[in-house]
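Inspection log for the structure reproduced underneath, given as structure tokens.
Letters A, B, ... mirror the listed sequences (proteins, then strands); counts begin at 1.
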Amino acid sequence: MHGMLKRLFIGDLLAREDLVGSQVRVCGWVHNIRDVGRIKFLVLRDRTGFIQAVVKAGEAPEWVVEEASKLKLESVVCVDGVLARGKAKEGVEVKVKSIRILSTPVEPLPLEPDTSTGSILATRLNYRWLDLRNPRVTKVFLLESWVAWQFREYYRSQGFVEIFTPKIVAAGTESGAEVFPVIYFGREAFLAQSPQFYKQFAVIGGLERVFEVGPVFRAEPHHTTRHLTEYHSLDIELGFIEGYEDVMDYVEGFFKEMLGNLQRDPQLKPILEEFNVDILVPKEVPRVSIRDAYKILEEEYGKKIPYGEDLDSEAERLLGDYARKHYDSDLIFVTEYPWKVRPFYTMRKEDEPEWTYGFDLLYKGLEVVTGGQREHRYEVLLDNLKDKGLNPESFKFYLDFFKHGAPPHGGAGMGLERIVMQTLGLDNIREARLLPRDPERVTP
RNA sequence: GCCGCGGUAGUAUAGCCUGGCCUAGUAUGCGGGCCUGUCAAGCCCGUGACCCGGGUUCAAAUCCCGGCCGCGGCGCCA
């Protein structure tokens, strides 16, 4: 091998007209082999694209021809050669002068990356390292990475500070969702079902505006296409708010920024094209109180939700449809959820204590964000706990945060995988997670 | 947690309802062969499967029961 040559991503190579005629090095997986006798066409693939490499008997060295004949699908190789214009799809191809096989499959492929998405999801997940090589699947995770990056960028630009809170916690916390117990040096502890208490802690502690990107764990045995037992939560919390509208403004700000960039950025175009989606950036995200939502559902769709009850998933889908029709928006806030369906730390409406300053954001009819203003007054918090039938003793560590000066604050939690799923129109959230965990699956 | 649907070569499927013609078909992969410009390469040969256990029957991939596994809906949630 020529030690001086530097490996370039295929995508970068294809963008470089000036490299035609010069020596290049391409490394990647053997995506396809078309052996036409004395010419072998190798389609090499890396994260960024495909390129055809040509091994022609008589032109390439004898040993290269021999090595090339040992290649299998998904062998890992580096080839050196001259980048030349050719009849290949990409317009250029590599005339191979030297080849190095770095790895060869030791058994037949259980899944071919090219066609993996035609297999059932369970099989794909069992062999996720092969499935992930399917460019369509790769694109899901390129987008997921990008969304998380956008989240960080946006909130940093708004004066938020990134925090890192414990995932091993003492109390089962907040909303009554089931938690996973862990044995912590002989004591019982739990995997965090949300960073809720600790992001409030950080605001009260004086960081004022914080965000976190981290895993959360739910021991709920859901069998649906939109639940995982482990997922990534994008959390924000901010102090000195006038009302929960401030929180919604920041959530709305992020979605508009993110969707706007997604629509504009030419680098992301291949992802949108692959999944055939158009991005709709709303001028304004509608905000309807849940009591108005009851009316809308009944009057426009004949769907009856008992007054004061939570929305079911059908209701959420219908509201998504409503937002699209009447507001030209894929997003819609539902506000003022009933106190009975919200966790104890939610602030109740001053004038109507059976309703709260809590909201959800629906994205294409699926709940992707939950947020609201939190109760920051110690005594009220105590009353609210009792009202929920909870024992203040078990929340002492949390209540103590509020004893020494806590500003009015609020925040929100967003499901990263759900955002990606809804953006690309995936039909199962497991597709939006590299290695999903559900009630039946803990491997690979 | 409750309720439905399903399990055939490595992968994806046909066959199952209406049991026998199934020595289980097809595509792709895999192994071998031919081919000097392929690009879903092509052609020839080969390889390989009825989830497990029990039952009904002259006869079970096919019907029945149990188990295991998978998928989905609901509740709930991000």
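Nucleotide B:G1: paired with B:C74 (Watson-Crick or G-U wobble, both distances less than 3.5 Å). Across every strand in view, B:G20 sits in a pair with B:C58 that passes the Watson-Crick or G-U test at under 3.5 angstrom. Remark: B:A41 base-pairs with no nucleotide; criterion is Watson-Crick or G-U wobble with both hydrogen-bond distances under 3.5 Å.
Between A:His223 atom NE2 and B:C76 atom C1' the separation is 14 Å, expressed in whole Å. In this structure, the CG atom of A:Asp114 is 19 Å from the P atom of B:A27, given to the nearest Å. One atom, CD of A:Glu440, and another, C1' of B:G70, lie 9 Å apart when rounded to the nearest Å. Between A:Arg441 atom CZ and B:G72 atom C1' the separation is 16 Å, expressed in whole Å. Computed from coordinates, the A:Asp438 CG to B:A78 P distance equals 18 Å when rounded to whole Å.
Within the 6.0 Å centre-distance limit, the rings of A:Tyr307 and A:Tyr294 are counted as a close aromatic pair. Ring centers of A:Trp149 and A:Phe151: at least 6.0 Å apart, outside the cut-off. Here A:Tyr398 and A:Phe201 keep their ring centres 6.0 angstrom or further from each other. Ring pair A:Phe160/A:Tyr250: centre-to-centre distance below 6.0 Å.
The stretch residues 69-77 of chain A comes close to RNA chain B through A:Lys72, A:Leu73, each having a heavy atom under 4.0 Å from the strand. For the segment residues 419-430 of chain A, the set of residues with a heavy atom within less than 4.0 Å of an atom of RNA chain B comprises A:Asn428, A:Ile429, A:Arg430, in numerical order. Residues of residues 362-371 of chain A having a heavy atom closer than 4.0 Å to RNA chain B, listed by number: A:Glu367, A:Val368, A:Val369, A:Thr370. Contacts with RNA chain B (heavy atom under 4.0 Å) in residues 121-139 of chain A: A:Ala122, A:Thr123, listed by number.
The same atom, C1', is picked in B:C50 and in B:G25; the two are 13 Å apart, to the nearest Å.
The base of B:C76 is not paired with the side chain of A:Arg218 by any donor and acceptor separated by under 3.5 Å.
Along RNA chain B, the nucleotide nearest A:Pro108 and the nucleotide nearest A:Ser119 are compared for position; the residue whose nucleotide lies closer to the 5' end is A:Ser119.
In this structure, a donor-acceptor pair under 3.5 Å is present between the side chains of A:Asp387 and A:Trp339.
Among residue pairs with one or both ends in residues 137-148 of chain A, those qualifying as salt bridge (charged side-chain N to carboxylate O under 4.0 Å, His left out) are A:Lys139-A:Glu274; sequence neighbours excluded. Counting only residues at least two apart or in different chains, salt bridge (charged side-chain N to carboxylate O under 4.0 Å, His left out) contacts with residues 126-135 of chain A comprise A:Glu74-A:Arg133, A:Arg124-A:Asp131, A:Arg128-A:Asp131. Counting only residues at least two apart or on different chains, the salt bridge (charged side-chain N to carboxylate O under 4.0 Å, His left out) pairs with a member in residues 26-39 of chain A are A:Asp35-A:Lys40. Residue pairs meeting the salt bridge (charged side-chain N to carboxylate O under 4.0 Å, His left out) criterion with at least one member in residues 355-366 of chain A, sequence neighbours excluded, are A:Arg342-A:Asp360.
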Per-nucleotide protein contact string for nucleotides 37-51 of chain B (B base, S sugar-phosphate only, - none; heavy atom under 4.0 Å) = BBBSB----------
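Between A:Tyr154 and A:Phe254, the ring-plane angle classifies as tilted under the 30° and 60° cut-offs.
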Using a cutoff of under 3.5 Å, can you pull out all pairs of nitrogen or oxygen atoms linking the protein to nucleotides 5-8 of chain B, with atom names and distances?
none

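At a threshold of 4.0 angstrom between heavy atoms, the contacts of A:Arg317 are confined to the sugar-phosphate backbone, with no base atom among them. Residue contacts shown for A:Asp312 are limited to sugar-phosphate atoms, with no base heavy atom under 4.0 Å away.
A salt bridge is absent between A:Glu212 and A:Lys199: the closest approach of a Lys/Arg side-chain nitrogen to an acidic carboxylate oxygen does not fall below 4.0 angstrom. Ion pairing between A:Arg287 and A:Glu252 holds under the 4.0 Å rule for side-chain N and carboxylate O. With respect to A:Glu375 and A:Arg348, no salt bridge is recorded, no charged nitrogen being found less than 4.0 Å from a carboxylate O. A salt bridge is absent between A:Lys340 and A:Glu354: the closest approach of a Lys/Arg side-chain nitrogen to an acidic carboxylate oxygen does not fall below 4.0 angstrom.
Of the candidate nucleotides B:G10, B:U36, B:G70, B:G10 has the atom nearest to the side chain of A:Pro110. Relative to the side chain of A:Thr225, the nucleotides B:G70, B:U28, B:G73 differ in distance, and B:G73 lies closest.
At least one donor-acceptor pair under 3.5 Å links the side chain of A:Thr229 to the backbone N or O of A:Arg437.
The shortest distance between side-chain heavy atoms of A:Ile305 and A:Asp312 falls below 4.5 Å.
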Take A:Glu298 and A:Lys303 through the salt bridge (charged side-chain N to carboxylate O under 4.0 Å, His left out) test and state the conclusion after the steps.
-> CA-CA 5 Å; A:Glu298 179 136 30; A:Lys303 163 91 182 171; over 6 Å; no
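For A:Asn32, the side-chain hydrogen bond (donor to acceptor under 3.5 Å, both in side chains) test picks out no residue, with sequence neighbours left out. Legend: residues meeting side-chain hydrogen bond (donor to acceptor under 3.5 Å, both in side chains) with A:His31, ordered by chain and number and at least two apart, are A:Arg45, A:Asp114.
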